[in-house]
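So you know, we letter chains A, B, ... as the sequences are listed, proteins then strands, and number each from 1.
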Amino acid sequence: MINKKMPLNEFMALREEVLKQWVTGKEVDLSEAIAYQKAIKESKRFSFKLNQAVNDKVTLIQPRAGVALPHEHKKLLKVLQDEGGADLLPTTIDSYTRHNRYLEAQTGIDESIRTGKSLLNGFPAVNHGVGVCRDIVEYLDVPLQVRHGTPDARLLAEITLAGGFTSFEGGGISYNIPYGKNNSLEKTITDWQYVDRLVGYYEEQGITINREPFGPLTGTLVPPCISHSVAILESLLAAQQGCKCITVGYGQCGNQIQDIAAIRTLELLTKDYLNRFGYGDVRITTVFHQWMGGFPQDEAKAYAVIAWGAATAVLSGATKVIVKSPHEAFGVPTAEANANGLKTTKQLTAMLKDQVAFENPLIKEEMSIIEEETRCIMEAVLNLGNYDFGLSALRGFEAGLIDVPFAPAQCNANKALPARDNSGAVRFLDFGNLPFNDKLKDFHRKKLKERADTERRDVSFQMVIDDIYAVSKGHLVGRPR
Amino acid sequence: MINKKMPLNEFMALREEVLKQWVTGKEVDLSEAIAYQKAIKESKRFSFKLNQAVNDKVTLIQPRAGVALPHEHKKLLKVLQDEGGADLLPTTIDSYTRHNRYLEAQTGIDESIRTGKSLLNGFPAVNHGVGVCRDIVEYLDVPLQVRHGTPDARLLAEITLAGGFTSFEGGGISYNIPYGKNNSLEKTITDWQYVDRLVGYYEEQGITINREPFGPLTGTLVPPCISHSVAILESLLAAQQGCKCITVGYGQCGNQIQDIAAIRTLELLTKDYLNRFGYGDVRITTVFHQWMGGFPQDEAKAYAVIAWGAATAVLSGATKVIVKSPHEAFGVPTAEANANGLKTTKQLTAMLKDQVAFENPLIKEEMSIIEEETRCIMEAVLNLGNYDFGLSALRGFEAGLIDVPFAPAQCNANKALPARDNSGAVRFLDFGNLPFNDKLKDFHRKKLKERADTERRDVSFQMVIDDIYAVSKGHLVGRPR
Amino acid sequence: MGNTTVVIGVIGADVHAVGNRIIDYALRQADFNVVNLGVMVSQKEFVDAAIETKASAIFVSSLYGQGELDCRGFGDYCKEAGLNNVLLYVGGNLVIGKSEFAPVEAKFKAMGFHRVYPPGSDIAIGIEDLKADLGLGK
Amino acid sequence: MGNTTVVIGVIGADVHAVGNRIIDYALRQADFNVVNLGVMVSQKEFVDAAIETKASAIFVSSLYGQGELDCRGFGDYCKEAGLNNVLLYVGGNLVIGKSEFAPVEAKFKAMGFHRVYPPGSDIAIGIEDLKADLGLGK
Ligand code: B12
Ligand code: B12
């Protein structure tokens, strides 16, 4: 990890190594790639579309999607664009590629060809290489983003950016903690500084690549202050490497007041911290993820969850919304199911876009809670790391000052536990080592006591379990039944 | 029309006539019917379930449904109860019965038997008679309501109440104006006084039958003050005949602020007027109808509209919500499609029930607009009719002081024209003879001017047409494109 | 087209008035004479109006699902009344329930309608067809 | 059941940790010994742990869709390692995409699993089955 923009020569030396990780690495020629990116027209650039959305006050819609084989992948994305009306397209990467297991990914590709169906849960972009990526990007009319969950995404970034993608999701924290087990945080942050530096290099050449820290983390009862802290740290890290267009994200918790307050504070706080450290020129937009936890199996019920997410996204003023499908509880959706999720969402983003945003004392109150919590965490973390962003993240996680619920990563403390309060907002049942002041702790305790009293039971881990299942069983708060 | 509770002897004399209208009339024996109703257990009574919902602060869900043949109808309702999770069940009556064309209804029944599919758009309860109704009611576990659109529903009420239904929708205004062409308002009000008197009679015997004026009227851009005025007048008329349990309704307009304000003012104003005329003992609950205008054909989009209606219903605090299906744009839904609409709705009524209702200055503002508009209409109408409710309604419609947009009835002025403002709230583009004060008129004009300016066109009938199509085309406001 | 008359209305016990109002408006915008019988129109009222106004076409709407019962024999009835050259169009939600359109179209063509329109059809298409069928230029 | 051990884990490159945590909790509540290998567990790790702890059963979870590739040959591998009497259960979102369960079940049984569970299965059912298969009273 370093605490400054990586010097060009070091970066270039490192690139040599990275490009050797898989055979397709040699397809990347950076100056040719810059020229290629320069030729991509505005309407197919992420940064342009996001700006437009901000100006037009609309919320863009984007699915997740990826299959093993290029022609199938093209067909899929085309359906999502034409039928689903996606404003932005993804390319979701398969799990072998995410773990840099390119050999296994190759088996997956071969088997998929043999059996005629995708046996990978995403598109193995590294194996396919630069040319195939370009072919896909050229085939479509809207901007494309790489969405994955890759702790070491250096080669993936090289190949896909040379391949014409104009946005890249992830970060050294958000693609480690929820997405791995034994990855050192120091290494993933370092590797993502490389990715950010690459994006920074493109920026220096006049090409803006959008960067998007992964907001929802484990998708499971993550209180806003946790994901906000991660988003801010990753934004600082990215800005430091020269990224100028960042989209910070948040996964819907389900209580509309909390969700609206979360998106608003996410934008305000990220801008505030970027300003404070001299990155006031970075453009910040927001992404709202429709409910990321367990879904109801019934499709009619899944549509309800999707629609509620769409409505909240718009009313919160998010720049874009990531869309789920009615197949969510079962498996990777068919193109049709995926398009259906988009259509449900588009109907609401369009129907609600003219509606005045809610102004509401409860939202204000919730905003000040989230802001105070996030500042408590951020100040403690930055202090501990001497205002070195990477070090702060590292030490912050070590000390449990940031703690992501239900994360598989061993570098996460896993002591803090969330549960819903009586109105469904996500609070802390156990603070672990979160650096909250007494006032905040009292607030959370009071909120959970209210619920416990209503349910005539004690605050306990059973509540957490009940909350994990609640949405899939048709509720928000997991009440005893 | 009379302006007092109908004397018992007059009522009983009239009953003789009514029961002769069709052969099944002679199956009705009032004292036996009272005994039958007394034996129906609480959990199968509308009034009980509505009270419970008010106490528990939940929003109940109810579908529309009806087919020609009894065994098919039972099967259908059972699916909606068991699969769909309907809290309350309907029996929607076919259009021939609604127009007292029992002979044609009989042809419909016969043809349906012959072809093996329902050729009627509802259940012809009069033709089937008391015994069949009871059989249906007994087969199910939740309360049943008659839903129809019948200008002269006297015989239908006699048969279905003797048949064990515990709620009856409609009213002399709301089942005339949107549902007929040449029906005299005087006659329909008189005929509905009979229905209310019948319900009042049951009440005197200790049986509470819920009454529900039909809120949405033509379902097409009806501003709240219009449907509120009708609901208040019909509540007064019903209360006068002894009804004690009334559910007033409203059809979703689509702007959430206006919709929430509408449900709140509907309850407040109805109670206020009932109190003022000495009917403070009538229990008032509310029903929110999911979007009643043209639906999108695409099912994923229809789900979005349904879900948005469900969410708004809960956040408005309505006692129940009437549910649409994803087949709405095409035709009477299959049992499955109907159950799907219910499931989508239930997911949201359950997920949102714990969320604190929105308090919001915009809602307050909208409430005071709706209240002022409604009071303008009500005071003018009551004045014109010397505080005789029936006469007030009659003269009010004659004078165009109440004017329902797009109504087929010739007794409706059809001069007022609605259109959406810039944020999608329904306003008046033409006031016709609505008795609004200048302040209100200025408000509406200002609101429409705002929209016209945004769209760079004049306020005109084209806006109205665009608004009629908008939701089915994926928007709320019909902007030029 | 100012001297071409179209009779429009909603058949049977059907009261859906909104589409009717829009069809009225659209035909007038396209410069047709419109005789609008409104909602709840019987077969006889359609035919009488067409005879009386020397109409070139009848636009029947049926939304409420019972159109199959209401429209039976309409073609024959028109012929009997001597309306051999009058174009008969029908549209709306013609049958009960969501169903494939082809059989519905066949069914209504068998009843004597020249053109049949699926749910939610854009009225502009009906007007284009009418102009074509009547040999009127654009 | 305090002396009956179950090895649990999420196979392959799969990191879905939530269900694993709940299965852990539920098995302990039901008084089993639990050896939880967490996420991203290889076939070898499952087998080694089962041998080492003399486990009676292995609960394999696979959520991320690539279970079909990850679980191949698991039964044979267990047999080769001498785990003939160890019960092999598998559950989660086993294949890619929403699909009928019967063929999926057949496919995983052919790989040597004794029981196969569809998406979102209640873990309580798995525990009941385990007790039955092990002949343990309720
Ligand atoms: C939360 C979530 C995530 C989180 C996980 C956080 C974490 N580290 O835990 C995040 C966002 C990081 C994530 C990432 C991914 N996810 Co994910 N995720 C989900 C989601 C929404 C919920 C899973 C969950 O926690 N459920 C709650 C728990 C309690 O239930 P459970 O896991 O099903 O387990 C219970 C039962 O299944 C059963 N059970 C499980 N195993 C066994 C075994 C036995 C023997 C028995 C008896 C019972 C049993 O008991 C458990 C306890 O009740 C599901 C979809 C859904 N279910 O709604 C998708 C889902 C599992 N994810 C999916 C995918 C594809 C991915 C990604 C590849 C995503 C991507 N496209 O970016 C990555 C994979 C990363 C990786 N390498 O694994 C797919 C899998 C597709 C498929 N099978 O076809 C799903 C189904 C979504 C979808 N429809 O596309 N995901
Ligand atoms: C608003 C509405 C009502 C209002 C009508 C108010 C009024 N008096 O006008 C109210 C609430 C009163 C109502 C009542 C009923 N309704 Co209604 N209603 C609707 C709804 C939601 C919209 C209709 C509408 O106004 N559309 C907008 C206009 C502009 O479009 P349109 O009517 O389709 O007409 C356009 C085109 O179809 C086309 N077109 C029409 N005719 C023709 C003819 C030709 C020749 C051509 C070229 C084109 C053409 O051009 C028109 C203009 O663009 C529809 C469902 C939907 N579409 O979403 C149900 C619907 C039509 N109603 C239905 C039913 C069943 C009823 C009731 C029996 C309801 C009940 N269960 O209580 C009663 C019937 C009463 C009666 N006797 O007719 C069903 C019909 C079912 C079927 N066919 O299988 C529908 C489809 C809903 C459903 N899925 O169940 N309804």
Side-chain angles (χ1 to χ4, degrees), chain A residues 83-85 254-258 291 296 298-308 310-312 315 325-326 336-337 339-363 420-425 451 454 470-471 473-477 479, chain B residues 83-85 254-258 291 296 298-308 310-312 315 325-326 336-337 339-363 420-425 451 454 470-471 473-477 479:
Chain A
E83 301 292 310
N255 172 294
Q256 201 177 22
I257 306 255
Q258 186 175 42
W291 177 245
D298 182 89
E299 294 194 17
K301 293 179 182 171
Y303 276 118
V305 177
I306 291 169
W308 180 236
T312 306
L315 295 176
S325 92
E336 196 200 351
N340 283 341
L342 286 166
K343 287 191 277 185
T344 301
T345 303
K346 190 66 151 266
Q347 177 78 23
L348 286 182
T349 53
M351 269 180 71
L352 306 195
K353 78 166 194 304
D354 300 315
Q355 305 209 10
V356 185
F358 277 117
E359 276 320 324
N360 180 322
L362 290 173
I363 295 180
R420 295 193 185 276
D421 71 14
N422 219 17
S423 65
R451 169 174 172 192
T454 308
V471 169
K473 291 192 173 166
H475 299 87
L476 186 61
V477 183
R479 311 268 187 211
Chain B
E83 301 292 309
N255 173 293
Q256 202 176 23
I257 306 257
Q258 185 175 44
W291 177 244
D298 182 87
E299 293 194 18
K301 294 181 183 170
Y303 276 117
V305 177
I306 291 169
W308 180 237
T312 307
L315 295 177
S325 92
E336 196 200 349
N340 283 342
L342 286 166
K343 287 190 277 186
T344 301
T345 304
K346 190 67 152 269
Q347 178 77 24
L348 286 182
T349 53
M351 270 181 68
L352 306 195
K353 79 167 194 302
D354 300 315
Q355 305 209 12
V356 186
F358 278 118
E359 277 320 324
N360 182 318
L362 291 173
I363 294 179
R420 294 192 185 277
D421 72 14
N422 220 18
S423 65
R451 169 173 173 190
T454 307
V471 170
K473 292 192 173 164
H475 299 87
L476 187 61
V477 184
R479 313 267 187 211

NZ on K346(B) to NE2 on H475(A), rounded to 0.5 Å: 8.5 Å
Engaged part of L315(A) at the chain B interface, taking heavy atoms whose separation is under 4.5 Å: side chain
Rounded distance (nearest 0.5 Å) linking atom CG of N422(B) with atom CD of Q355(A): 11.5 Å
Choice from A310(A), A339(A), A350(A), A470(A) maximising heavy atom contacts with chain B below 4.5 Å: A350(A)
Atom pair CG/CD of L352(A) and Q256(B) - distance to nearest 0.5 Å: 7.5 Å
Nearest-0.5 Å distance, OG1 of residue T345(A) to NZ of residue K301(B): 11.5 Å
Minimum-distance pair of heavy atoms, taken over all atoms of A307(B) and A304(A): CB-CA, 4.3 Å
P326(B) versus chain A, the contacting section by heavy-atom distance below 4.5 Å: neither
Top contributor to chain B contacts, counting heavy-atom pairs under 4.5 Å, from V477(A), N340(A), N360(A), L362(A): N360(A)
Atom group of R420(B) that falls short of 4.5 Å from chain A, counting heavy atoms: neither
Spatial distance of atom CG (D354(A)) from atom CG (N255(B)) [nearest 0.5 Å]: 9.5 Å
Shortest non-hydrogen contact between Q347(A) and G474(B), atoms and distance: OE1-CA, 3.3 Å
Interatomic spacing from CG in L476(A) to CG in L348(B) - rounded to 0.5 Å: 10.5 Å
